[in-house]
**Student:** 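One structure, pasted below without further comment.
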Protein chains: 2
Amino acid sequence: MLDDRDRALLSRLQRDADVAVAELAEQVNLSPSACARRIARLRAEGYLTRLVARLDRRRMGLPTTVFVVVKTAQHSAEWLEQFRAALADVPEIIEAHRLTGNFDYILKIVLPNVEHYDAIYKKLIQRLPLFEVSAYISMETMKHDTPLPVTYG
Amino acid sequence: MLDDRDRALLSRLQRDADVAVAELAEQVNLSPSACARRIARLRAEGYLTRLVARLDRRRMGLPTTVFVVVKTAQHSAEWLEQFRAALADVPEIIEAHRLTGNFDYILKIVLPNVEHYDAIYKKLIQRLPLFEVSAYISMETMKHDTPLPVTYG
DNA sequence: GGTGAAAGTAGCGCCCT
DNA sequence: AGGGCGCTACTTTCACC
């Protein structure tokens, strides 16, 4: 299990991993070697998976977010297979979930602007039958790139 | 602007940044120093913002994702202020957008299990009036932690 | 953008507490 | 488990071409 130091380390690292072990160590009141051992352990035990670079979406020309809720036209293994393939082939779909409730799926799509959504929509409906497709455009991202809550105590 | 090498670097780094510049350099056919200079430039120009550690949600005890769509009870500056404060205070809400269309807001919430959603729901409705709150539980995450599409060509 | 040398780090084994 | 040491190897960084 994780103690307070582990949680502090994970919390810190998922906010900014571009830091020397020596600096991390003093923030959690550990020696550099003990701190390095912990990080290696957290990695080995699968809490910490990998380091990634965050890109600025606006700077990358992808400021627009659209959420798309989908109802399937047919509940069959073949359809699901096609749907999975479509998700994999469309890089603008950066997140996809199968849901409970009124909707079957929700997709999160990133785009240069709202007009580009039409191209994604057409790409999807020509690949497989969809019963209902509703797009909700994000007018304002109020919270994003948020670190996972690392429960203390 | 970005050339092909920049895009290749950004694409690679947002998948896995735990790599030596020397290795990156040979993947884009550059010398290590030229490659390091590019990365420094991409950072200085704001394409690359920072390095972060990815945590395993299951391992961290937060395997459950719930999407919540919210309609506001009142369109006022005071309400919005309260809503922003609530978003900031609830760490389980890891993403929030103001939307066009039938819904006003969508929240993405991470939890140890579905039962915990009730606590978040109560926390929200006691802080501010909400006209409609509908939760959609993710039964399966089909795509996630996806790197941004870095358009080539 | 390439080269080569200097400075900084990380990683490892070790022993001690 | 943590602290501290020394070592090696590697990586980044910088002046210079």
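To find a chain, count down the sequence lines: A is the first, B the second, and so on, and within it residues start at 1.
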**Student:** Rounded off to whole Å, could you give me the CG-to-P distance for the A:D18 and D:dT11 pair?
**Tutor:** 16 Å

**Student:** It should be established whether A:R5 places a side-chain nitrogen or oxygen under 4.0 Å from OP1 or OP2 of nucleotide D:dA1.
**Tutor:** no

**Student:** Run the salt-bridge test on B:R41 and B:D6 with the 4.0 Å N-O cut-off and return the result as yes or no.
**Tutor:** yes

**Student:** Hey, does A:R41 reach any base, or is it just sugar-phosphate, or nothing, if we go heavy atoms under 4.0 Å?
**Tutor:** nothing

**Student:** Answer yes when B:R38 and B:E45 have at least one side-chain N-carboxylate O distance shorter than 4.0 Å, and no when they do not.
**Tutor:**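 No, no charged N to carboxylate O under 4.0 Å.
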
**Student:** Give the rounded distance in Å between these two atoms: CG of A:L51 and C1' of D:dT11.
**Tutor:** 15 Å

**Student:** Give the rounded distance in Å between these two atoms: CD of A:E26 and P of D:dG2.
**Tutor:** 18 Å

**Student:** Please state whether the rings of A:F67 and B:F67 are parallel, tilted or perpendicular, taking 30° and 60° as the class boundaries.
**Tutor:** perpendicular

**Student:** What is the distance, to the nearest angstrom, from the CZ atom on B:R43 to the P atom on D:dT12?
**Tutor:**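 Answer to the nearest Å: 11 Å.
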
**Student:** Would you call B:K122 and B:D118 a salt bridge, using N to O less than 4.0 angstrom?
**Tutor:** yes

**Student:** Quickly, which of A:V68, A:T65, A:V69, A:I106 forms a side-chain contact (heavy atoms from CB on, under 4.5 Å) with A:Y136? Name it, please.
**Tutor:** A:V69

**Student:** Output, in order, the C-alpha distance, side-chain angles, deciding distance and verdict of side-chain hydrogen bond (donor to acceptor under 3.5 Å, both in side chains) for A:R54 and B:Q14.
**Tutor:** CA-CA 6 Å; A:R54 272 215 201 300; B:Q14 69 172 337; over 6 Å; no

**Student:** Would you kindly give the CD-to-P distance between B:E23 and D:dT11, to the nearest whole Å?
**Tutor:** 9 Å

**Student:** How long is the line joining CG of A:D3 and C1' of D:dG2, in whole Å?
**Tutor:** 12 Å

**Student:** Starting at CG of A:L30 and ending at P of D:dA1, how long is that distance when rounded to a whole Å?
**Tutor:** 13 Å

**Student:** Is any side-chain N of the basic residue among B:E92 and B:K108 closer than 4.0 Å to the acidic one's carboxylate O?
**Tutor:** no

**Student:** Rounded to whole Å, how long is the line connecting atom CG of B:L24 with atom C1' of D:dT13?
**Tutor:**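 Computing the B:L24:CG to D:dT13:C1' distance gives 16 Å.
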
**Student:** Would you list the protein and nucleotides 5-14 of chain C atom pairs, both N or O, that sit under 3.5 Å from each other?
**Tutor:**
{"residue": "C:dA10", "atom": "OP1", "partner": "A:V21", "partner atom": "N", "Å": "3.3"}

**Student:** Of the options C:dG1, D:dA1, D:dG3, whose atoms approach the side-chain atoms of B:R38 most closely?
**Tutor:** C:dG1

**Student:** Based on the rotation axes of five pairs at each end, what angle does the helix from C:dG1-D:dC17 to C:dT17-D:dA1 bend through, to 10°?
**Tutor:** 30°

**Student:** Is it the case that A:R59 places NZ or CZ above or below the six-membered ring of B:Y47, under 6.0 angstrom from the centre and within 45 degrees of the axis?
**Tutor:** yes

**Student:** Given side chains that start at C-beta, do those of B:M60 and A:L2 come closer than 4.5 Å, heavy atoms only?
**Tutor:** yes

